[in-house]
Amino acid sequence: MTRRFDFLVIGGGMAGISFALKAAKHGSVALLCKTTLSESNTSYAQGGIASVISESDSFEKHIEDTLISGDGHCNLAAVEKVIKNAPSQIEELCNWGVEFDRDEQGKFDLHREGGHSEHRILHHKDRSGQEIQESLIRQVKSNSQIQVYEHYFAIEILTQHHLGQIVTQHTPNIECYGAYVLSQRTNNIHTFLSKVTMLATGGIGSVYLTTTNPEISTGDGIAMVHRARGAIKDMEFVQFHPTALYHPGEQPTFLITEAIRGYGAVLRTQSGKEFMHKYDERGSLAPRDIVARAIDNEMKMRGHDFVYLDVRHKNAEETKEHFPTIYKKCLEIGIDITTDLIPVVPTQHYLCGGIAVDLNGRSSISRLYAAGECSCTGLHGANRLASNSLTEAIVYADAAVKEAATLLSTLTFNESIPEWNDEGTSLTEEMVLITQSFREVEQIMSTYVGIVRSNLRLKRAMTRLEILYRETELLFEKSVVSREICELRNVISVAYLIIKHALLRKESRGLHYTVDYPERMKNDIN
Ligand code: FAD
Ligand code: SIN
């Protein structure tokens, strides 16, 4: 079955929904997500969204903090764009019904997080993402221009390749005509033709054994663009959040927001010693890459599985008031954060790289835009500053709509795209082939491509991955398409890109630390 929409939006988090809401003013919109609209990275965000709000703050300070965190690898134009456009996008969120916490005078109650020189994080308690996601969903559900497709899994974006042409990364003007999409309820594959396609497929956490991301985070958009020969950037910069709750076996790993360190919590070894000042004068509030590496080092030196976060010295009632979700979650596993230490461990959290886009969110493929975590705008450079990602998602979604809307009248649907062809395929009888390979990818990445890397480990990871790649491509060719096999292919592609980019970077910078090249090069290879 073929469907036609002016805008095809793949992904229903902050980037996808905010794009859809604005695109709906210009044409028909299909909004796809692979499970339900409420399941996204956006829903899990705790800390909040960064923007210059207070009088003591300034764009210059936020820009400087972002550049310092990005370790000389940010795109200044992208940084300026996001930071200067943030306040108006925050206003937009408020107009959509998002309620950020305010003080008694009605002013925004701003938090501070690692790497920020000012209080500038707007939040809703410690469940900011849930508040944003629910407000956006309410808006989408009341917009008749937007057709929502839940449990629809995008398999491939459509390009000239699907018209029988050979497409390479050197093909001039690769174009996107929409996507093949699997309805998971009926197992039918639909052709969605579009004039403009927006990829907002979120993160890649499922490539690792432990992650704060929900399990939908398999990097599908990045893998689809890679297969379509589009440009992908900065994949070596994988962010590990310093403080995920140490609670083995739980997936996703529960996050202990950085805002709690902004509030005064201190990192300690298992014997109770504060250690961050040994590594950085900013102590527990140093940028994430530094804190995560310091914890990793302390754990390795002492043979410990976790360190502690200590918030016991703060007023108990205030702690419960600011961090009710964390308080409740820890209590469920027997930890009262007002009187007990919290065991924490660094865990995969975010990807700074992704689909390369310009200042309008346009990818290297015509008619294809990307926003949010799957994209690489250059804002984060080599290390994302906390709470800058939600800001980036909404600012770039806005810029992309503005540009795409001007192109709409010049574009038509490509009616030559054939229906999906599944001749010669049969149902996969042995699911274990898929689940075991998935586990192997996670193990390879967590063991060899973590916080501290080396050439030897990266090359070993690549060799192992190549075997999985060959086996999976063979299996894919003869299998009826399922979400599981597509996700396996996607995590393999994403893992491959992370390792490849890590091997190419012969220096340590931001989140990429390698024992073979511990120094940062003078000139960045951008
Ligand atoms: P997501 O919100 O992840 O949405 C992705 C969407 O794509 C989903 O709807 C999914 O179903 C859909 N999708 C994916 N693949 C397919 C496919 N093949 N077919 C169809 N649909 C597909 N950032 C901050 O700025 N501040 C914070 O406080 C903060 N806290 C965080 C806390 C946690 C625990 C986590 C995990 C992340 C946090 N982040 C935070 C990061 C931030 O939440 C994400 O980067 C951001 O929400 C990503 O938004 P997005 O719209 O790009 O993607
Ligand atoms: C957090 O609350 O610590 C997460 C913030 C972020 O990832 O930006």
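For ligands, and for the atoms within them, numbers begin at 1 and follow the listed sequence. Values below: every heavy atom of this structure, side chains too, minus hydrogens, waters and symmetry copies.
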For ligand 1, which part of [X] has a heavy atom less than 4.0 Å away: the side chain, the backbone, both, or neither?
| X | value |
| --- | --- |
| Ile216 | side chain |
| Tyr152 | backbone |
| Thr42 | both |

Looking only at non-hydrogen atoms, the one of Gln46, Glu258, Gln239 nearest atom 3 (O) of ligand 2 is Glu258

Any atoms of ligand 2 less than 4.0 Å from a non-hydrogen atom of [X]? List them with their elements.
| X | result |
| --- | --- |
| Ala386 | 8 (O) |
| Ser387 | 5 (C), 6 (C), 8 (O) |
| Arg384 | 6 (C), 7 (O), 8 (O) |

Heavy atom of the protein closest to [atom] (residue, atom name, distance):
| atom | answer |
| --- | --- |
| atom 6 (C) of ligand 2 | Arg288 NH2, 3.0 Å |
| atom 2 (O) of ligand 2 | Thr257 OG1, 2.5 Å |
| atom 37 (C) of ligand 1 | His349 CE1, 3.5 Å |
| atom 43 (O) of ligand 1 | Asn41 O, 3.4 Å |
| atom 27 (C) of ligand 1 | Gly48 O, 3.4 Å |

Please say whether [X] places an N or O atom under 3.5 Å from an N or O atom belonging to ligand 1.
| X | answer |
| --- | --- |
| Asn213 | no |
| Gly47 | yes |
| Ser389 | yes |
| Phe153 | no |
| Thr36 | no |
| Met224 | no |

Is Leu255 near ligand 2, meaning one of its heavy atoms is under 4.0 Å from it? yes

